[in-house]
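Here the structure comes first, spelled out in structure tokens, and everything after it is commentary.
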Amino acid sequence: MTTEKMSRQFAEFSLSVAILVVAPLAARTASPQASLNREKWIAVADHLIQTPPENYPYDWGEATMFIGLLKTYERTHNVAYLAYAEKWAALYTTKSREELLELNASGSHRDESGEGVGPIPGDCNRWAPGVVMLSLFQERNKQDYLSIVQMITDFIRESAERSPEGGLDHWTGSHEYWVDTLYMACPLLARLGKMENKPAYVDDAARQFILHARHLQDEKTGLFNHMWDWRTGQLTLVLWGRGNGWVLMALADTMEMMDRNHSSFPALQQIALRLAHGLQTVQDRDGLWHTVLNDPTSYTECSGSSMYVYGLLKLARLKVLPPPYKKVAVRGWAAINARYIKDGVVTGVSGSTDPHPVEVYKKIEVGTETWGTGAYLSAGSEVDRLR
């Protein structure tokens, strides 16, 4: 055998070995993409738009759902999602300020039994649809959408009840800080503030996190308690799963609108870092989170888990959190899809939750809810960026 022929055979052998080595590596590289469950995510959005939009009222759960659907539209460019959201919005753009914000309502979140009774005045849950309207305005440039947004933000800035230190109350007459309020108010204020060059709006949004964290963020774990009454000093010492999700999503959406040199940016980043560390600590071995975060005897819950996937991925993308939190989120995403997503429907979502003794949280029924669907769709929009 000539030296030339031996060299050629050795080269061919080396190439075949290289192919054998590279092929498994390529398969391993592709496998994380296969685990992103994009088809399941799209199936949920496609299933959602089969329901007549008029079936959905104007409220916080529906707003969360449509926010998630519009984030899905941003990634997929499926105009059917946008058209569906517009049909829903058209049901409410002609309503009055009093009707949309329920300013003449006389109900209460809690009666003697601790349960809610009827619509309540100045309820922050009525502010969340403003984000849907603002997204539609930025896409379609229709004044009707912007008018609703400005009406809501004017109320937040000028008429909503606040504590003596300037923190937004959950509703008029409540005198309470709730974790939910941060999501209902802050992303809207920050987004409109950036769009219209109103820095006071962004400042106000940032200040809400600082004030709420001062009274609600647990010093030891970094997780948030549910509610604090600033008149009585009463604190609901429950590390509620979805409640922490509201905080994390609100941080992600608000900090996206802030310059990194904003005076409050470092404070919000510290809040986010402490919260993310606490969430990583209580993530269960399957990748999910429990409805009472520090109580593994409480059930795992889909909406809160989805919110963490969204918030951790987005804050890591914004470089607020370090990159390793992406792995925490992706692990959660895989578990959510394996356990809770069935035939285009999001399951395992806990019902509406007011502040209560801890045992009540563990008994709240789970099922399919608009806020769970929305949180899942939002989470998928961030996961899709990993492709």
Shortest non-hydrogen contact between [X] and [Y], atoms and distance:
X	Y	result
Pro355	Met227	CG-CB, 3.7 Å
Leu313	Val383	CD1-CG2, 3.6 Å
Thr347	Arg339	OG1-O, 4.4 Å
Arg285	Arg331	O-NH2, 2.7 Å
Thr181	Cys124	OG1-SG, 3.7 Å
Leu273	Tyr325	O-OH, 4.3 Å

**Message:** What verdict does the ring-ring contact (aromatic ring centres under 6.0 Å, His included) test give for Tyr84 and Phe66, after you've listed the backbone C-alpha separation in whole Å, the side-chain angles of each residue and the deciding distance to 0.1 Å?
**Reply:** CA-CA 9 Å; Tyr84 185 78; Phe66 279 100; 5.8 Å; yes
**Asked** Is the Trp171 ring parallel, tilted or perpendicular to the Trp178 ring (thresholds 30°, 60°)?
**Response** perpendicular
**Request:** Report the relative orientation of the aromatic rings in His175 and Trp230; use parallel for angles under 30°, tilted for 30 to 60°, perpendicular for over 60°.
**Result:** perpendicular
For the atom pair [atom1] ([X]) and [atom2] ([Y]), what is the distance rounded to the nearest 0.5 Å?
X	Y	atom1	atom2	answer
Met307	Glu301	CE	CD	8.0 Å
His290	Asp284	NE2	CG	4.0 Å
Arg231	Gln234	CZ	CD	10.5 Å

